[in-house]
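Please read the structure below before turning to the comments.
So that the names make sense, note that chain A is the first sequence line, chain B the second, and so on, each numbered from 1.
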There are 2 protein chains.
Amino acid sequence: MRINTVFEALSHPVRRQILTLLKTRPMSAGELAGHFDLTKPTLSVHFNKLRDAELVAVERRGTSLIYHLNMSILEEALSGLLGKKDQTP
Amino acid sequence: MRINTVFEALSHPVRRQILTLLKTRPMSAGELAGHFDLTKPTLSVHFNKLRDAELVAVERRGTSLIYHLNMSILEEALSGLLGKKDQTP
DNA sequence: CACATAGTTAGATAGATATCTAATTAGTGT
DNA sequence: ACACTAATTAGATATCTATCTAACTATGTG
């Protein structure tokens, strides 16, 4: 896990919005793109950065690519900043 | 709290390192600058971004400016991304 | 196989970010 | 008032980031 890659990925509002959208359920690239006033190639670049950070995982389903949220990386990165190694609640 | 400002501030490794240094104790601008291979003006810009995001607070002590960590903003921003409004442990 | 659909990659460009040197402000002491 | 130290702001520049259009890849269907 590249902590720098994770925080860079989180630094753009569109990418955080994508993560928020994926909190409800997995979505295809096209469906996600429909929520923004940006072209598909632009969104595709954002998807790549999220994937590089492992904040999302991809699964092909026919012609569609389905993006899934990966919460655990988010938690890892944050606990890295916030505190000690093991902080059992 | 500008969530965007907070995440932008967190996106640079030097700024995250500054926060980590401040976890142990408050430090002056000069002392913080000593930990990096960058000029003071450059660090000063980083301090400003952290202050804008309210991730740190400043207190003047004689000719020195002492920077303090403000954990709560970090937690707020993160819980905003991670989950529901109130997630009492 | 030809075509349509979903999505990505490539290349170009405008705008934002990080960094430096030089100049400025603020506080302390002589 | 002057000099000294700590730190900031200003201005310039190099690099990085986001975005677009155009071209390409992959999958499914008649």
*Among all residues two or more places apart in sequence or in another chain, which pass the salt bridge (Lys or Arg N to Asp or Glu O under 4.0 Å) test with A/Glu75?*
none
*Walking along DNA chain C from 5' to 3', note the first and the last nucleotide with an atom under 4.0 Å from a heavy atom of chain B, and give both.*
C/dT17 to C/dT28
_Show every salt bridge (charged side-chain N to carboxylate O under 4.0 Å, His left out) that has at least one partner inside residues 50-69 of chain A, sequence neighbours left out._
none
*So which of residues 33-47 of chain B are in contact with DNA chain D, with a heavy-atom cut-off of under 4.0 Å?*
B/Lys40, B/Pro41, B/Ser44, B/Phe47
_Listing request: all side-chain hydrogen bond (donor to acceptor under 3.5 Å, both in side chains) pairs with a residue in residues 32-41 of chain A, at least two apart in sequence or in separate chains._
A/Thr39-A/Thr42
*Can you name the side chain to side chain contact (heavy atoms under 4.5 Å, CB included) partners of A/Ser72, sequence neighbours left out?*
A/Asn70
*asked:* Output the rounded distance in Å from CZ (A/Arg61) to P (D/dG28).
replied: 12 Å
_Check: A/Gln17 and A/Leu21 side chains under 4.5 Å, non-hydrogen atoms_ = yes
*If you take all heavy atoms of B/Ala53 and B/Ile73, which pair is closest and at what distance?*
O-CG2, 3.5 Å
_Listing request: all ring pair (Phe, Tyr, Trp, His ring centres under 6.0 Å) pairs with a residue in residues 55-81 of chain B, at least two apart in sequence or in separate chains._
B/Phe47-B/Tyr67
*Among all residues two or more places apart in sequence or in another chain, which pass the side chain to side chain contact (heavy atoms under 4.5 Å, CB included) test with B/Ser44?*
none
*Could I get the full list of side chain to side chain donor-acceptor pair (under 3.5 Å) partners for B/His12, not counting sequence neighbours?*
none
_Tell me every residue that passes side chain to side chain donor-acceptor pair (under 3.5 Å) with B/Glu76, counting only those two or more places apart in sequence or in another chain._
none
_Contact list please: residues 2-19 of chain A against DNA chain D, heavy atoms, distance less than 4.0 Å, in numerical order._
A/Glu8, A/His12, A/Arg15
